[in-house]
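Whatever order the structure lists ligands and atoms in, that order sets their numbers, starting from 1. The residues of the chain are indexed from 1 along the displayed sequence.
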Amino acid sequence: MERKKVTITDIQNKKRDGKKITALTAYDYPMARVLDEAGLDIVLVGDSLGMVVLGYDSTVPVTMDEMIHHAKAVRRGTKYAFMIGDMPFLSYQVSKEDAIRNAGRFMKEAGCDAVKLEGGYDAVEATEAIVNAGIAVLGHIGLTPQSASKLGGFKVQANSAERARRLIDEALMLEKAGCFAVVLECVPEAVAKIVTEKLSIPTISCGAGRWCDGQILVLNDVIGLYDKFTPKFVKQYAKLSHAALEGVKKYKDEVEKGIFPSDEHVFTIKEEELRKLKKRR
Ligand code: KIV
């Protein structure tokens with residue numbers, strides 16, 4: 001069957017049909033190609049970029065320019081998946097105009113299909129403004145890493161009746177504001193189940209358990225390329241850092257011992273040409 005580009009309708013139909021939505025983050029061209037070839041529905045250029053690629057301690061320092069630079073590379077490697085740009089800290093909180101302008105940059109400069117905003121009540125105004133400007137928005141509530149400091153650190157959210165009620169309200173508000181789906185991060189799965197049942201748009205779990213309509217994780221956690229901190233909800237499917245270290249160590253050893261390069265890695269010149277060359281010198 002001919003493969004087609006994933007659309008919002010395809011993503012929303014998956015909820016209706018009881019099929020799981022698959023999503024991961026990507027930050028560059030080669031990994032975007034891997035995700036696209038694997039057939040994922042969604043590729044998110046997450047602002048987790050700041051921590052797992054740029055080496056910052058949090059996502060707070062990430063700038064719009066950094067996000068656009070990486071989103072452009074991901075675009076070049078993504079043919080079929082639905083590609084979302086993650087709005088970094090302070091790119092949508094200051095004013096509605098800023099929010100629209102920066103969301104627009106993801107669409108115009110990087111060719112994204114949608115943007116993602118962190119926040120519940122606080123993000124409703126910006127979400128509405130961006131949606132009204134004709135740009136699709138993925139919501140993100142529960143643990144919102146850009147405001148981890150305000151939330152008291154990277155910890156489970158909505159784990160009391162009162163906080164869970166607030167999360168449900170926020171999810172409903174984001175649906176009303178026009179989000180096409182919402183990410184629930186670090187939330188007890190029983191609470192995520194209630195949200196999933198209450199919303200007509202899909203929920204995508206990032207540490208919110210099995211009852212959501214889809215799953216998303218940070219790629220570098222999944223393939224073992226980031227070992228500074230691994231949340232409980234992450235499952236590692238490959239150990240690329242380890243494989244890379246082994247490869248680089250072997251390269252160093254072979255260079256030092258004169259094993260690399262060998263015959264198969266060098267270029268030759270005809271004996272006759274070489275003789276002429278040596279004679280003339
Ligand atoms: O920045 C990110 O990578 C994210 C998710 C994993 C949801 O926001």
Side-chain angles (χ1 to χ4, degrees), residues 11 20-28 31-32 35 40-64 66-71 73-74 78 81-93 102-103 106 110 112 114-120 122-123 127 137-148 151 154 156-158 167 170-171 174 179-187 192 195 201-209 212-223 225-226 228-237:
I11 292 165
K20 292 289 184 188
I21 299 159
T22 55
L24 280 173
T25 62
Y27 316 98
D28 59 23
M31 284 303 166
L35 268 52
L40 289 191
D41 296 309
I42 295 175
V43 171
L44 168 72
V45 187
D47 67 347
S48 47
L49 165 83
M51 295 175 78
V52 303
V53 174
L54 302 180
Y56 298 138
D57 286 335
S58 78
T59 57
V60 170
V62 178
T63 65
M64 266 309 293
E66 286 167 338
M67 290 302 299
I68 294 289
H69 176 78
H70 286 266
V74 171
T78 309
F82 190 79
M83 182 183 149
I84 304 173
D86 203 4
M87 305 272 295
F89 184 55
L90 287 194
S91 67
Y92 57 95
Q93 291 93 338
N102 286 322
F106 273 113
C112 288
V115 297
K116 175 170 86 59
L117 262 67
E118 288 186 9
D122 300 344
T127 299
V137 174
L138 172 65
H140 180 164
I141 50 175
L143 176 60
T144 44
Q146 290 172 15
S147 35
L151 298 174
F154 289 82
V156 181
Q157 302 296 305
L167 183 91
E170 288 185 319
L174 289 177
C179 286
F180 72 89
V182 61
V183 171
L184 305 178
E185 180 164 348
C186 236
V187 168
V195 176
I201 56 170
T203 57
I204 303 179
S205 158
C206 183
C212 289
D213 300 302
Q215 297 289 330
I216 187 163
L217 287 174
V218 167
L219 174 70
N220 292 31
D221 290 337
V222 169
I223 60 175
L225 260 183
Y226 183 74
K228 251 178 145 177
F229 168 70
T230 307
K232 168 187 161 65
F233 57 80
V234 165
K235 183 169 175 184
Q236 199 180 76
Y237 289 84

Side chain, backbone, both or neither: which part of T25 comes within less than 4.0 Å of ligand 1 when only heavy atoms are counted?
side chain
Taken to the nearest 0.5 Å, the spacing of M64 CE from Y92 OH works out to 12.0 Å
Under 4.0 Å, heavy-atom basis, I'd like to know which part of K116 is in contact with ligand 1: side chain, backbone, both or neither.
side chain
Do M51 and V218 touch side chain to side chain, with heavy atoms closer than 4.5 Å?
no
For H140, the ligand 1 atoms whose distance to one of its heavy atoms is below 4.0 Å
7 (C), 8 (O)
Looking at CG of D86 and CD of Q146, how far apart are the two atoms once the value is rounded to the nearest 0.5 Å?
6.5 Å
Element-labelled atoms of ligand 1 that are located less than 4.0 Å from some non-hydrogen atom of D47:
1 (O)
Check L44 against ligand 1 and report side chain, backbone, both or neither, counting heavy atoms closer than 4.0 Å.
side chain
Given L219, D86, V218, identify the one with the heavy atom nearest to atom 6 (C) of ligand 1.
V218
How far is atom 2 (C) of ligand 1 from its nearest protein heavy atom, and which residue and atom name does that atom have?
S48 OG, 3.3 Å
Number the atoms of ligand 1 from 1 as they appear, then name those within less than 4.0 Å of a heavy atom of G46, with their elements.
1 (O), 2 (C), 3 (O)
Taking the side chain as every heavy atom from C-beta outward, state whether I11 and F82 have any pair of such atoms under 4.5 Å apart.
yes
Note, L167 side chain near Q157 side chain (heavy atom, < 4.5 Å)
no
May I have the step-by-step check of side chain to side chain contact (heavy atoms under 4.5 Å, CB included) for Q93 and D122, ending in yes or no?
CA-CA 8 Å; Q93 291 93 338; D122 300 344; over 6 Å; no
